Amino acid sequence: MSIEVNQIFDSNLLDQLDWTKHRAQYRDGISPSNLPPGYTIRPLQSDDYSRGYCELLSNLTKVGDFTQELFLKQFNQMRDSKLHYVTILHHQESDKVVGSATLAVEHKFIHGAASRGRIEDVVVHPEHQGKQFGKVLLDLLILLAEQTNCYKLSLDCNEKAMPFYKKLNMDFVEDHRFMCIKFFD
Ligand SMILES: CC(=O)SCCNC(=O)CCNC(=O)[C@H](O)C(C)(C)COP(=O)(O)OP(=O)(O)OC[C@H]1O[C@@H](n2cnc3c(N)ncnc32)[C@H](O)[C@@H]1OP(=O)(O)O
């Protein structure tokens, strides 16, 4: 199937960010503005299904049966909504998507018609973990949230992932209770 290549959000938005402004501590000269050679950060593309995007997500949770058609349907809905900033890490040598994190934005009437941001679906492929890419993706989403007029940015995670988010100086809200109805897994 030949696919028209487009991006889930305008990549100019990423270019407009000041990538030198980061919250995490980095080492070995790596930072959002200085990735190791052969890696790039960009918005998710309509042809990333063939670059192993769904396989990557399966390192995070159950993905289910995904065909290219279903991927494209969901991609187009998310792109048209202009509320899903799915930001990925591409590895040139393998031509695979090896990391991803999403900023989901919700428009509000409160706080001067600002928006609320949520960080969702953060994952780095096991073969590329421990190279500071998780921090890079999160740092960029935090900048993106500010750029898109979010007054607040939050996420849900399990206990195991909490030390990772603390690296971004995110505060754990002690008195917050998370309520949930799960319709299916
Ligand atoms: C909202 C959500 O999506 S919650 C779900 C989070 N995702 C997952 O659990 C999926 C499986 N895990 C992963 O994909 C990865 O381990 C991630 C995304 C959590 C981290 O990605 P990585 O690229 O390996 O992280 P990175 O190399 O940037 O490490 C950042 C720091 O956090 C620490 N860290 C990374 N993962 C973890 C973890 N699971 N537990 C504790 N500390 C961690 C690292 O030691 C590192 O510390 P340092 O900066 O002092 O060296």
Side-chain angles (χ1 to χ4, degrees), residues 8-9 14 17 19-44 48 51-64 66 74-75 78 83-94 96-106 115-146 148 150-174 176-185:
I8 203 158
F9 67 93
L14 284 179
L17 303 176
W19 289 37
T20 63
K21 272 194 186 170
H22 50 78
R23 293 168 66 94
Q25 300 278 328
Y26 291 90
R27 59 191 144 68
D28 307 329
I30 305 296
S31 71
S33 53
N34 195 29
L35 294 178
Y39 291 90
T40 32
I41 300 253
R42 59 161 171 78
L44 182 70
D48 280 337
R51 295 193 178 91
Y53 186 63
C54 296
E55 287 86 343
L56 170 70
L57 291 180
S58 69
N59 292 288
L60 171 73
T61 189
K62 188 174 157 185
V63 178
F66 239 89
Q74 194 74 332
F75 178 94
M78 290 165 81
L83 298 171
H84 300 271
Y85 299 87
V86 186
T87 304
I88 65 100
L89 176 73
H90 177 251
H91 180 230
Q92 273 160 26
E93 194 187 319
S94 60
K96 292 281 179 206
V97 179
V98 297
S100 182
T102 298
L103 166 68
V105 168
E106 184 185 344
S115 299
R116 184 211 166 127
R118 287 173 209 273
I119 287 174
E120 298 278 357
D121 304 338
V122 180
V123 62
V124 173
H125 190 283
E127 283 173 20
H128 301 262
Q129 285 177 13
K131 297 180 175 175
Q132 308 189 80
F133 293 130
K135 289 187 295 193
V136 166
L137 285 165
L138 261 289
D139 253 323
L140 291 174
L141 289 197
I142 292 168
L143 291 172
L144 206 46
E146 280 185 289
T148 53
C150 289
Y151 76 97
K152 177 162 101 175
L153 180 62
S154 64
L155 61 85
D156 304 322
C157 71
N158 60 24
E159 188 108 16
K160 210 178 131 207
M162 274 180 60
F164 166 66
Y165 293 109
K166 288 198 172 144
K167 302 278 173 187
L168 278 296
N169 295 316
M170 298 190 90
D171 293 325
F172 174 59
V173 185
E174 196 85 45
H176 214 82
R177 293 291 176 268
F178 170 66
M179 317 274 284
C180 171
I181 298 175
K182 204 164 188 182
F183 293 106
F184 55 84
D185 252 341

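Bear in mind that the values here come from a model prediction, so they are computed numbers and not experimental data. Read the numbers this way: they start at 1 and go in the same order the structure lists the ligands and their atoms.
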Discussion item. Starting from atom 2 (C) of ligand 1, what is the nearest protein heavy atom, named by residue and atom, and what distance separates them?
Written reply: Y165 OH, 3.2 Å

Item to complete: Give the residue and atom name of whichever protein heavy atom lies nearest to atom 18 (C) of ligand 1, and the separation in Å to one decimal.
Response: V122 CG1, 3.9 Å

Practice prompt. Note the single closest protein heavy atom to atom 40 (N) of ligand 1, along with its residue, its atom name and the distance in Å.
Written response: K160 O, 3.2 Å

Worksheet entry | Nearest protein heavy atom with distance in Å, relative to atom 50 (O) of ligand 1 | K167 NZ, 2.9 Å

Worksheet item: Counting only non-hydrogen atoms of the protein, does one fall under 4.0 Å from atom 9 (O) of ligand 1?
Response: no

Fill in: For atom 51 (O) of ligand 1, the option (of R27, Q25, Q132) bearing the nearest heavy atom
R27

Worksheet item: Do protein heavy atoms approach atom 21 (O) of ligand 1 to less than 4.0 Å?
Response: yes

Worksheet item: For Y26, does its backbone N or O pair with a side-chain atom of Q132 as donor and acceptor, under 3.5 Å?
Response: no

Worksheet item: Can any side-chain N or O of R23 pair as donor or acceptor with the backbone N or O of L168 at less than 3.5 Å?
Response: yes

Practice prompt. Specify the protein heavy atom at minimum distance from atom 11 (C) of ligand 1: its residue, its atom name, and the distance to 0.1 Å.
Written response: N59 O, 3.9 Å

Practice prompt. Just need the protein heavy atom nearest to atom 14 (O) of ligand 1, so name the residue and atom and give the distance.
Written response: V124 N, 2.9 Å

Worksheet item: Quick one: does D139's side chain have a donor or acceptor within less than 3.5 Å of a partner on I142's backbone?
Response: no

Worksheet item: What is the closest protein heavy atom to atom 34 (N) of ligand 1, and at what distance does it sit?
Response: F164 CB, 4.0 Å

Worksheet item: Is there at least one pair of N or O atoms, one from G130 and one from ligand 1, spaced under 3.5 Å apart?
Response: yes

Item to complete: State the atoms of ligand 1, each with its element, that fall below the 4.0 Å cut-off from a heavy-atom position in F133.
Response: 23 (O), 28 (O)

Worksheet item: Are there protein heavy-atom neighbours of atom 6 (C) of ligand 1 below 4.0 Å?
Response: yes

Discussion item. Using only atom types and a distance under 3.5 Å, with no angle test, would you say the side chain of D121 pairs donor to acceptor with the backbone of L57?
Written reply: no

Worksheet item: What distance separates H125 NE2 from E55 CD, expressed to the nearest 0.5 Å?
Response: 8.5 Å

Worksheet item: Where on V136 is there a heavy atom closer than 4.0 Å to ligand 1, on the side chain, on the backbone, on both, or on neither?
Response: neither

Discussion item. Using a 4.0 Å cut-off to any heavy atom of L60, which atoms of ligand 1 qualify?
Written reply: 5 (C), 7 (N), 8 (C), 10 (C)

Item to complete: Spell out, as yes or no, whether a donor-acceptor pair under 3.5 Å connects the side chain of H84 to the backbone of V86.
Response: no

Worksheet item: Does G29 offer a backbone N or O that forms a donor-acceptor pair with the side chain of N34 under 3.5 Å?
Response: yes

Worksheet item: So between K135, R118, K131, Q129, whose heavy atom ends up nearest atom 28 (O) of ligand 1?
Response: K135

Fill in: Shortest protein contact, atom 23 (O) of ligand 1 (heavy atom only)
G134 N, 2.9 Å

Fill in: E120 (side chain) donor-acceptor with T102 (main chain) under 3.5 angstrom
no

Item to complete: Say whether, by atom type as modelled, one donor and one acceptor occur between the side chain of D28 and the main chain of I30 under 3.5 angstrom.
Response: no

Discussion item. Under 4.0 Å from a heavy atom of V123: which atoms of ligand 1 are those, numbered in the order shown and with their elements?
Written reply: 14 (O)

Fill in: Among H90, H91, K96, side-chain hydrogen bond (donor to acceptor under 3.5 Å, both in side chains) partner for S94
H91

Worksheet item: Which atoms of ligand 1 have any heavy atom of D121 under 4.0 Å away?
Response: 3 (O)

Worksheet item: Which class fits the ring pair F133 and Y39: parallel under 30°, tilted 30 to 60°, perpendicular over 60°?
Response: tilted

